[in-house]
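Each remark here refers to the structure printed beneath this line.
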Amino acid sequence: MPLNKPISSFAGQRVWIIGASSGIGAACAEAFIEEGAQIAISARRTELLNDIKSKYPNSSIEVQACDVSDPASIQTCYDTLIQRWGEIDLVLFVSGIYTPLRAEQFTLVKAKPIMDVNVMGPMATVATVLPKMLERGHGGIGIVSSVAGYSGLPKALAYGPSKAAMINFCETLFYDLQPKNINVYMINPGFVETPATAKNDFYMPGLISSAHAAQEILQGIKRGEFDIHFPKGFTRFLKFLRILPYPLYFYLVRKFVKI
Ligand SMILES: NC(=O)c1ccc[n+]([C@@H]2O[C@H](COP(=O)([O-])OP(=O)(O)OC[C@H]3O[C@@H](n4cnc5c(N)ncnc54)[C@H](OP(=O)(O)O)[C@@H]3O)[C@@H](O)[C@H]2O)c1
């Protein structure tokens with residue numbers, strides 16, 4: 001029994017994808033276009049967004065420059081979209097910064113931009129879109145978090161906590177929004193091949209392509225899932241690890257990650 005209302009078709013649905021200039025967000029943009037959605041794509045690098053738009057000359061695609069670390073920038077995009085579309089059916093927040101960080105390198109200067117984009121970005125977006133969705137009693141909000149938020153993992157001193165915050169944010173939003181007919185999608189990918197993971201110098205178990213990740217997200221939303229996680233072999237193993245007692249959890253993670 002899905003926790004959200006299933007969606008039979010995205011044809012004509014107005015979908016705003018934030019963080020669509022590369023990786024998972026760009027792949028989601030293409031997947032939603034191919035499903036017939038009317039999409040708006042946002043990020044800072046508009047040249048990359050325009051590359052996506054030019055691949056689909058027969059689709060109506062809005063390109064909106066947006067810096068999610070600046071709430072005013074989110075508001076400006078939103079206002080423009082509402083003027084053009086009237087309403088937004090689904091907001092998919094994909095933007096994120098991934099910087100490996102260990103205790104020896106930990107400083108606030110390094111942590112703050114990660115928190116600004118990964119935590120304050122989705123919160124500012126939700127604060128912007130919610131009033132109208134609540135007024136209409138209709139809409140959907142998807143936030144791409146990460147399995148790195150399930151429990152503490154090595155080298156993720158700011159990224160991990162930012163994603164843990166978004167898992168909790170989605171869970172908490174769900175209580176209030178489900179009775180109001182607003183769908184909430186908590187999206188936790190494992191390793192996905194993107195420019196962000198290209199810098200990883202370690203073996204990434206269960207690595208999938210960004211096109212595969214986009215299909216998991218799109219199909220999960222269609223099925224009405226709240227907890228969209230993939231690839232299942234890897235994410236189920238991590239879900240199991242987090243119920244273990246800490247001595248065993250730390251021992252196993254150290255053993256697998258070899259730190
Ligand atoms: N790849 C993985 O293995 C993996 C696993 C779990 C979760 N995730 C999550 O998936 C999401 C996408 O990651 P990715 O791997 O696809 O990385 P990516 O290719 O580096 O894409 C990151 C996206 O975030 C946008 N972004 C960054 N800072 C921004 C800002 N200040 N304002 C607006 N947009 C901003 C980028 O756009 P601009 O630079 O053009 O602004 C880009 O579109 C992230 O939230 C990441 O944490 C990824």
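Order of appearance sets the numbers: ligands from 1, and atoms from 1 within every ligand.
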* Partner of Phe256 by ring pair (Phe, Tyr, Trp, His ring centres under 6.0 Å), out of Phe237, Tyr203, Phe234 -> Phe237

* Asked: Could you go step by step and tell me if Asn183 and Tyr185 meet the side-chain hydrogen bond (donor to acceptor under 3.5 Å, both in side chains) rule?
  -> CA-CA 7 Å; Asn183 297 322; Tyr185 308 100; 3.1 Å; yes

* Asked: Can you name the residues that come within less than 4.0 Å of ligand 1, going by heavy atoms only?
  -> Gly19, Ala20, Ser21, Ser22, Gly23, Ile24, Ala43, Arg44, Arg45, Cys66, Asp67, Val68, Val94, Ser95, Gly96, Val117, Val144, Ser145, Ser146, Tyr159, Lys163, Pro189, Gly190, Phe191, Val192, Thr194, Pro195, Ala196, Thr197

* Verify side chain to side chain contact (heavy atoms under 4.5 Å, CB included) between Ile52 and Asn50, making sure each step is shown before the conclusion. => CA-CA 5 Å; Ile52 297 175; Asn50 280 318; over 6 Å; no

* Asked: Quick one: do Asp67 and Arg44 make a salt bridge, cutoff under 4.0 Å?
  -> no

* **Main-chain N/O of Lys163 paired with Ser146 side-chain donor or acceptor, under 3.5 Å** => no

* How many angstroms lie between atom CZ of Phe174 and atom CG of Leu177, to the nearest 0.5 angstrom? -> 9.0 Å

